[in-house]
**Q** 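After the structure tokens below, expect a handful of questions from me.
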Amino acid sequence: DHLDVVSYTCNSGTMVIGEDGVMAALRAAKPEAKPTTVMTSVVRGLHAVGARRIVVTTPYLDEVNDYVLAFLEMHGFEVLDIQGLNIRENTAIDRIEPEFMREFARGLDRPDADAVFVCCGALRTLDIPGALEADVGKPVVVSNQAMMWDCLRLAGIEDVIEGYGRLFELDCAAHNAVVERATCAA
């Protein structure tokens, strides 16, 4: 089957395995497709909304948050705060209510943050970016939202999808500019 885009959708896996290794595996598996990872998508999304200084919420243990912090700093972000829920089992992550994560992220926000990032593709947070942005008055990026935005834009699909945050209001030109800047910097 021909694919336009292929994405690896595990945040922590991308950081532990390494973004370059995951991208190489995706290219080898589907050479015709444009590869991305959920963390690549997050970086693109955060850059696209103009974020440099961010706060981060996760369900992870502190040792996993260390990987998140290092990854985001490596990509040029200043992480003002990162807080995890210290959950050990993936099945427990799946049971976290979206409204709980919205409140958790809202409580972590700071006036000097450009954006809020909610990290983890297993979290059911796709429905919170619009409401959380209204709460905090700044862009919110959540893992699955960023991954879907990135994949759609890589495939050339420019649909604006309301209610899912400012990220989905950005078109292919904004996406391509971020991808090109990252390519030039590499």
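Here the structure is a predicted model, which is why all the values come from computation and not from measurement.
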**Q** Check step by step if side chain to side chain contact (heavy atoms under 4.5 Å, CB included) holds for Asp62 and Asn86.
**A** CA-CA 7 Å; Asp62 290 339; Asn86 288 304; 3.4 Å; yes
**Q** Applying side chain to side chain contact (heavy atoms under 4.5 Å, CB included) between Leu85 and each of Thr58, Ile96, Leu61, Ile93, report the one that passes.
**A** Ile96
**Q** Taking atom CZ as the centre, does Arg52 end up with more than 12 heavy-atom neighbours from other residues, nucleotides or ligands that are less than 6.0 angstrom away?
**A** no
**Q** Say you draw a straight line from CD of Glu103 to CD of Glu99; how long is it, rounded to the nearest 0.5 Å?
**A** 5.0 Å
**Q** So does Ile128 get a backbone contact from the side chain of Thr125, meaning a donor-acceptor N/O pair under 3.5 Å?
**A** no
**Q** Side chain to side chain contact (heavy atoms under 4.5 Å, CB included), that's the test. Do Val68 and Met15 meet it? Break it down for me.
**A** CA-CA 7 Å; Val68 176; Met15 292 174 281; 3.5 Å; yes
**Q** Once you round to the nearest 0.5 Å, how far does CE of Met101 lie from SG of Cys119?
**A** 9.5 Å
**Q** Locate the shortest heavy-atom distance separating Val38 from Ser143; write the atom from each residue and the value.
**A** CG2-O, 3.5 Å
**Q** Is a side-chain donor or acceptor of Gln145 paired with a backbone partner of Tyr164 at a separation under 3.5 angstrom?
**A** yes
**Q** Taking the side chain as every heavy atom from C-beta outward, state whether His175 and Leu170 have any atom pair closer than 4.5 Å.
**A** no
**Q** So, do Pro139 and Glu133 sit near enough that their side-chain heavy atoms are less than 4.5 Å apart?
**A** yes
**Q** Counting only heavy atoms not in Glu63 (residues, nucleotides, ligands), do more than 12 fall under 6.0 Å from its CD?
**A** yes
**Q** Kindly say whether Gly121 contributes a backbone atom to a donor-acceptor pair with the side chain of Asn11 at under 3.5 angstrom?
**A** yes
**Q** Return each pair, listed once, that meets ring-ring contact (aromatic ring centres under 6.0 Å, His included) where at least one residue sits in residues 37-65; pairs must be two or more places apart or across chains.
**A** His47-Phe77
**Q** Say you draw a straight line from NE2 of His75 to OG1 of Thr40; how long is it, rounded to the nearest 0.5 Å?
**A** 6.5 Å
**Q** Is there a side-chain contact between Leu108 and Val116 (heavy atoms, below 4.5 Å)?
**A** no
**Q** I need the Ser12 OG to Asn65 CG distance, nearest 0.5 Å.
**A** 10.5 Å
**Q** Show your working on side chain to side chain contact (heavy atoms under 4.5 Å, CB included) between Leu80 and Ile54 and close with a plain yes or no.
**A** CA-CA 6 Å; Leu80 303 174; Ile54 61 174; over 6 Å; no
**Q** Would you call Arg102 and Asp127 a salt bridge, taking side-chain N to carboxylate O under 4.0 Å as the test?
**A** no
**Q** Please tell me whether Val5 and Ile161 are part of a single hydrophobic cluster in this structure, the criterion being side-chain heavy atoms less than 4.5 Å apart.
**A** no
**Q** What's the shortest heavy-atom distance between Ala105 and Thr57, and which atoms?
**A** CA-CG2, 3.6 Å
**Q** Quick one: which residue pairs count as a ring-ring contact (aromatic ring centres under 6.0 Å, His included) with a foot in residues 89-135, not counting sequence neighbours?
**A** none
**Q** When you group the ILVMFWY residues by side-chain heavy-atom contacts below 4.5 Å and let the links chain together, are Val118 and Ile82 in the same group?
**A** no
**Q** So, Thr37 side chain and Met39 main chain: donor-acceptor pair closer than 3.5 Å or not?
**A** yes
**Q** Identify the heavy atoms of Arg95 and Thr91 that sit nearest to each other, and give their distance.
**A** NH1-O, 3.3 Å
**Q** When clusters are formed by joining ILVMFWY residues with side-chain heavy atoms under 4.5 Å apart, either directly or through shared neighbours, do Val6 and Ile17 land in the same one?
**A** yes
**Q** Just verifying a value: how many Å separate Ile157 CD1 and Cys151 SG, rounded to the nearest 0.5 Å?
**A** 10.0 Å
**Q** Do you know the tightest heavy-atom contact between Val141 and Ala146?
**A** CG1-CB, 3.8 Å
**Q** Just checking, is any N or O donor in the side chain of Asp81 or Gln83 under 3.5 Å from an acceptor N or O on the other one?
**A** yes
**Q** Please check if Val142 and Val136 belong to a single hydrophobic cluster, counting links between Ile, Leu, Val, Met, Phe, Trp and Tyr side chain heavy atoms closer than 4.5 Å.
**A** yes
**Q** Can you tell me how far the CE atom of Met23 sits from the CG atom of Asp20, to the nearest 0.5 Å?
**A** 8.0 Å
**Q** Which heavy atom in Glu169 sits nearest to a heavy atom in Val160, and how many Å separate them?
**A** CA-CG1, 4.1 Å
**Q** Is a donor on one side and an acceptor on the other found under 3.5 Å between the side chain of Trp149 and the backbone of Phe168?
**A** no
**Q** Does a side-chain heavy-atom distance below 4.5 Å link Glu32 with Leu3?
**A** yes
**Q** Any salt bridge (Lys or Arg N to Asp or Glu O under 4.0 Å) pairs touching residues 143-161, not counting sequence neighbours?
**A** Arg44-Asp150
**Q** Indicate, with yes or no, if Leu152 and Val178 share a hydrophobic cluster defined by side-chain heavy-atom contacts under 4.5 Å among Ile, Leu, Val, Met, Phe, Trp and Tyr.
**A** no
**Q** Going by the salt bridge (Lys or Arg N to Asp or Glu O under 4.0 Å) test, name the single residue among Asp114, Asp112, Asp109 that passes it with Lys138.
**A** Asp109
**Q** Which heavy atom of Leu123 sits nearest to which heavy atom of Pro59, and what is that distance?
**A** CD1-CD, 3.8 Å
